[in-house]
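In this chain, numbering begins with 1 at the start of the sequence shown.
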Amino acid sequence: MSQLSVLLPLTGLLFLISSTSGSESSVPYPVTCVTRGADLTEDGVVVLCPPDCTQWRVSVFGTGVYASVSSVCGAAVHRGVLGPSGGPVRVHKLQGRHNYMSSYAHGIQSQALTHWTASFSLTKPVNIPLELTSDTSTTALPAAAQPAKKPLKKSSVKKVLTGGNKDCQMDIAMVIDSSNNIGQRRFNLQKNFVAKLAAMLRVGQIGPHIGLVQASDSPRTEFLLTNYTQPKELLFAIKELAYLGGDTNTGKAIMHTAETFYTQENGGRRGHPRVMMVLIDGWPSDDLDQAAMLARESGINVFLVSVAKPAPEELAMVRDKEFMKKAVCKDNGFFSYLIPSWFSTTKHVKPLTQRLCSLDGLLCSKTCYNSVNIGFLIDGSSSVGDGNFQLVLDFLAGIARSFDISDVGARIGAVQFTYDQRLEFGLYDHSTKDDAINALRRIPYMSGGTATGAAISYTTQNLFRRTGPGRNFLIVVTDGQSYDDVISPAVAARKQGITMYSVGVAWAPLEDLKAMASEPKDSHTFFTREFTGLAEFIPALVRGICRDFTENN
């Protein structure tokens, strides 16, 4: 056999590899097990990893997308694109990001990292065509064998995905079904449908951000809102999702997503509407009531997309036949979406995308947690004492921590009173939760007499005088008898639209507390003998504020 006949197949293979990557470098060059992503200067470069990198103490930070301080070969083994025997792998340079997630895979334990300036992802050095269709083939054909229409289709997809959709600036969590009920084949069709939705939504820095959770026995966060803000990265991450199996615990998944997904630490953006699209094949294995309630109270617009709904003969197995009505943001038809089969999802991509991006239709965006102004009127009289005063501040900080305080969300302000009054900070002085709570905890104790009525009047005129459209609440904390009248100032405050809660400690007279409180008096009045008992009131006060907000809006 001639040398030429040996080289031709290799040349063809190298041609195939290079032809799939455009201008990216395809000639592999050797690296060591500890070579980092930051050590590589080219994007798309193919490196040749040595064998047995799992035997080294390689440092890997992240899952799917890795911080550039990670070992390239270690990350490739962790990702599953490289075996223990080593070999070539393509490295794609990416922007820095927050919240690199830790995980254990293929003998490598990756570590979490809160932030890094640059990232990379990894693929096998043979391109898999991006086809947003139901075609599940992943075989790369030589250029000469490609059908004539394929390049046109790929370029048209690329055009659609360029940039972010500034008309859909939502934070969107996709909760997908990964249960035994859906099975591997329909799970792949579901991934394809989700990829089409992601392509149509057009993620980007100025557009929607998308994260994903899989519902199974226990929910699994696959990626957060800020992990993939470029379309190519996002679609690759969706394609790589692994099927889990297990029960369809949709309620657990909604609860997990509502509790963790939209925090600023996990990439939630202040002032951006929160959307959760829940895909379910058939029916849930668990209860959705509590999870859906938490989502609504947290300002999350839950859409439930039911594919292949239960047949009449299956209804007996469905725990709650009203699960769709209970799960959604509002039972008005807008948030429920039915698709008859996973094989007919394509025509539903556009109308569903329009719903997810319909700002006017998102009825759950404004809640008590992100739309209230809360004033704290704090008794600083001599009878309180410095130690108990700190307990009062801890109590009020616990209330504040329950709300989404930001420049576009909830606001808090504080006034301390004795015979005199002191505006500690206004509703617009601190635009982040940490700053507001730190300011609250730093309030110095005044010491003096007790003139609660004058303090209510002062707060009404000074703290709430330029508030916006949010509901106004005033929580008065006092430990004793006021030296002046509290009834008239409290009536005036309530007429101004301020809902009042009175919290008494020790010697505070119940008649004064009820005189200050809004109606119904019993649910707006709290009393404890000891300052240490204040913390027990936090959940009830937060629930009360949310109840009042909901009833009046």
Side-chain angles (χ1 to χ4, degrees), residues 24-25 29 31-47 49 53-54 56-82 89-125 163-164 171-173 198 203-213 220-241 260-270 272 432 434:
E24 295 176 334
S25 172
Y29 70 89
V31 293
T32 69
C33 291
V34 294
T35 299
R36 307 172 308 161
D39 299 328
L40 306 175
T41 57
E42 291 183 65
D43 182 26
V45 66
V46 178
V47 299
C49 290
C53 281
T54 52
W56 289 67
R57 294 179 61 86
V58 291
S59 296
V60 179
F61 300 90
T63 299
V65 170
Y66 302 93
S68 62
V69 287
S70 303
S71 155
V72 170
C73 299
V77 174
H78 179 269
R79 186 61 177 158
V81 297
L82 192 68
V89 63
R90 189 180 297 280
V91 185
H92 307 272
K93 286 185 168 292
L94 305 172
Q95 295 177 342
R97 61 192 61 207
H98 296 272
N99 301 311
Y100 296 87
M101 294 185 293
S102 65
S103 64
Y104 180 81
H106 305 103
I108 299 283
Q109 175 66 59
S110 73
Q111 302 174 61
L113 193 62
T114 55
H115 174 69
W116 198 253
T117 53
S119 313
F120 64 88
S121 64
L122 300 150
T123 58
K124 295 179 181 179
D171 283 348
I172 302 173
V203 300
Q205 292 293 339
I206 61 169
H209 287 181
I210 294 175
L212 192 139
V213 171
R220 187 165 92 176
T221 299
E222 296 292 351
F223 49 87
L224 298 170
L225 291 163
T226 52
N227 285 150
Y228 303 107
T229 55
Q230 297 299 317
K232 183 179 178 181
E233 302 172 21
L234 176 62
L235 295 172
F236 181 79
I238 293 169
K239 173 187 169 297
E240 292 292 294
L241 293 172
T260 65
F261 223 71
Y262 299 94
T263 63
Q264 285 184 260
E265 294 81 5
N266 284 339
R269 295 174 291 180
R270 285 185 295 179
H272 289 249
T432 71
D434 286 345

Heavy-atom side-chain contact between [X] and [Y] under 4.5 Å:
X	Y	result
Asp43	His92	yes
Thr123	Val81	no
Ser121	Arg79	no
Val203	Tyr228	no
Val47	Leu40	yes
Phe261	Leu225	yes
Tyr66	Leu94	no

Can you check whether [Y]'s main-chain N or O pairs, donor with acceptor, with [X]'s side chain at less than 3.5 Å?
X	Y	result
Asp171	Arg269	yes
Asn266	Thr263	no
Ser119	Gln95	yes
Ser70	Ala67	yes
Thr117	Gly96	no
Lys93	Thr41	no
Arg90	Val46	no

Working to the nearest 0.5 angstrom, can you tell me the gap between [X] [atom1] and [Y] [atom2]?
X	Y	atom1	atom2	answer
Phe223	Glu240	CZ	CD	11.5 Å
Leu113	His98	CG	NE2	11.0 Å
Tyr262	Ile172	OH	CD1	8.5 Å
Thr221	Leu212	OG1	CG	9.0 Å
Leu235	Gln230	CG	CD	11.5 Å

Please find the pair of heavy atoms, one from [X] and one from [Y], that lie closest to each other, and give the distance.
X	Y	result
Asn99	Gly267	ND2-N, 4.1 Å
Val89	Cys49	CG1-SG, 4.0 Å
Glu222	Arg220	OE2-NE, 2.9 Å
His106	His78	ND1-O, 3.1 Å
Ala198	Ile238	CB-CD1, 3.9 Å

| Just wondering, are more than 12 heavy atoms of other shown residues or ligands nearer than 6.0 Å to CD in Gln109? | yes
**OP:** Show your working on side chain to side chain contact (heavy atoms under 4.5 Å, CB included) between Val31 and Cys73 and close with a plain yes or no.
**Re:** CA-CA 8 Å; Val31 293; Cys73 299; 3.7 Å; yes
**Request:** Go through Cys53 and Cys33 one step at a time and tell me if the disulfide (SG to SG under 2.5 Å) criterion holds.
**Result:** CA-CA 5 Å; Cys53 281; Cys33 291; 2.1 Å; yes
Do Tyr100 and Ser110 meet the criterion of a side-chain donor-acceptor pair at a distance under 3.5 Å?
no
